[in-house]
Amino acid sequence: MKRLTLWLAATAITATAWAGDYEAVRDFIAAQMPLSVRSTPTDTLGKLGLPHPYSVPCVRGMFQDMFYWDTYYTNLGLLAIGDTVQARNNVDNILYVIDRLGYMPNATERGMFNRSQPPYASMMVDDIYRATADTAWLAAALPVLEREYDFWMTRRIAPNGLNRHGNSATPDELRDFYGYMTTRFPHLPADAPDSTRIAAGSHFLSEAESGWDFSPRFDSRCEDFNPVDLNANLYLYERNFERYYRDLGLDGADRWGEAAERRRRLMEATMRDPATGLYFDYDYRAGRRLDVYSAAVFNLLWAGVLSGSDAAAAVAALPRLEMECGVVGCEMAERPYVYQWDSPNAWASFNVLAVAGLDRYGYSADALRIARKYADSIAAIYRSTGNLWEKYNGVTGTIDVKSEYELPPFMGWTAGAFMYMTDFLR
């Protein structure tokens with residue numbers, strides 16, 4: 001109630017307007033989310049069989065597989081509408097896949113098995129654990145999560161001890177992916193030498209693993225970088241494991257706390273600009289930070305990586321990413337190419353993390369303002385189009401976006417983020 005009072009006072013919007021604008025979208029989400037649940041109980045030629053029904057991003061059309069990091073945000077919506085059963089089904093499916101493959105791929109479609117996506121399984125488990133207080137379930141999940149953590153620490157580790165993105169594709173798959181990329185980036189030469197196509201295809205496929213496919217963050221050399229958000233997420237894994245060990249009465253909690261602190265110090269030493277206190281993706285091959293300031297910094301706030309002074313620096317830098325209608329992917333700048341994970345595009349994922357992270361550090365007024373911008377934009381788009389969409393324009397609050405493919409109607413994380421934001425505003 002305190003949040004709602006603060007928000008109403010700041011925006012001069014009545015509770016009746018809140019109910020009219022937001023409840024219509026919430027009702028739409030509650031009706032549509034069950035329609036995005038699928039079942040594939042046995043393996044097929046193209047898909048991995050899953051033991052439970054699973055959520056897909058779109059009710060129809062594109063994206064009819066279970067995607068990894070999308071599911072974290074989808075689950076926020078499922079938990080908000082009270083569907084703990086389906087949220088737990090989703091997490092149990094991801095744990096099943098990790099147990100079977102040793103990692104969670106980008107999606108359950110076999111063509112995406114050659115990479116993962118940003119690691120969120122620990123955070124999904126945490127949400128279910130908090131909702132159910134089921135310690136027996138947590139105890140069964142923990143070794144599976146540790147197996148996934150081992151994947152990141154052995155298959156995706158850079159020489160400096162921080163993590164990077166990568167892939168396990170064959171040369172033929174890399175050639176094919178480069179060919180696919182020429183349809184998204186017309187500037188790429190279709191007749192490039194074979195060695196160029198393989199090397200560039202590997203960087204692009206690794207960037208697809210980052211979830212930010214594609215952005216100016218990595219200069220089309222994703223494998224050469226320690227990403228801010230990836231390492232923030234793994235820091236949160238380590239902190240979660242520390243807490244899980246204590247909750248379950250297991251020996252070894254301290255080593256996870258030490259691992260988290262070691263990662264935090266490495267991130268500070270490499271990613272932090274000492275002049276500003278701001279964090280940037282680190283090119284470990286060149287030994288320098290890239291100067292693209294992106295919404296990946298909100299993972300740091302969400303995960304609790306930052307000191308109080310560095311959190312204050314991130315808040316002071318909000319105008320570099322916060323626009324009239326929400327947070328955008330990267331600070332506005334002239335780019336040689338169009339990227340969908342760039343300004344002016346606003347995505348559900350980092351808008352949620354901005355709100356959650358700012359609130360975690362006590363910047364509630366900033367968190368409320370961004371939550372309102374996101375919720376108002378999605379409500380207005382729903383009023384004008386009758387649907388939710390994968391992303392939107394954070395400057396205009398419309399679906400006039402930079403895209404590398406046709407903009408799909410979207411339930412998934414857009415629905416989850418809207419539910420999260422409007423619950424936060426209550």
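None of the values given here were measured: they were computed from a predicted structure. Values reported hereafter were calculated over all heavy atoms of this structure, with side chains retained and with hydrogens, waters and symmetry mates removed.
Taking a cutoff of 4.0 Å between a charged side-chain nitrogen and a carboxylate oxygen, Asp127 and Arg130 do not qualify as a salt bridge. Between Asp423 and Arg426 a salt bridge is recorded (basic side-chain N to carboxylate O distance below 4.0 Å).
Of the inter-residue distances, the one linking Leu353 atom CG with Tyr72 atom OH reads 7.0 Å to the nearest 0.5 angstrom.
Remark: Arg155 CZ is loosely packed, at most 12 non-hydrogen atoms of other residues, nucleotides or ligands lying under 6.0 Å away. For Arg60, the CZ atom is loosely surrounded, since the number of other residues' heavy atoms within 6.0 Å does not exceed 12.
Ring geometry for Tyr382 against Phe28 counts as tilted: the plane angle lies between 30° and 60°, on a 0 to 90° scale. Aromatic ring pairs are classed by plane angle as parallel below 30°, tilted from 30° to 60° and perpendicular above 60°; the pair Trp69 and Tyr120 is tilted. Using cut-offs of 30° and 60° for the angle between ring planes, the Phe418 and Tyr22 rings count as perpendicular. Taking the six-membered ring where the residue is Trp, Phe241 and Tyr237 present perpendicular rings, their angle passing 60° and hence far from 30°. Relative orientation of the Phe214 and Phe177 rings is tilted, given thresholds of 30° and 60° on the angle between their planes.
Checked against the 6.0 Å centroid threshold, Trp413 and Phe67 do not count as a close aromatic pair.
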Kindly determine whether Glu404 and Phe185 satisfy side chain to side chain contact (heavy atoms under 4.5 Å, CB included), including the steps that lead there. CA-CA 8 Å; Glu404 298 162 19; Phe185 286 167; 3.9 Å; yes
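When each of Leu250, Leu138, Thr135 is checked for a side chain to side chain contact (heavy atoms under 4.5 Å, CB included) with Tyr244, only Leu138 meets the rule. Of the listed residues (Pro216, Cys330, Ser210, Ser215), just one forms a side chain to side chain contact (heavy atoms under 4.5 Å, CB included) with Trp341, and that residue is Ser215.
Under a cutoff of 6.0 Å and an axis angle of 45°, Arg289 and Phe280 do not form a cation-pi pair.
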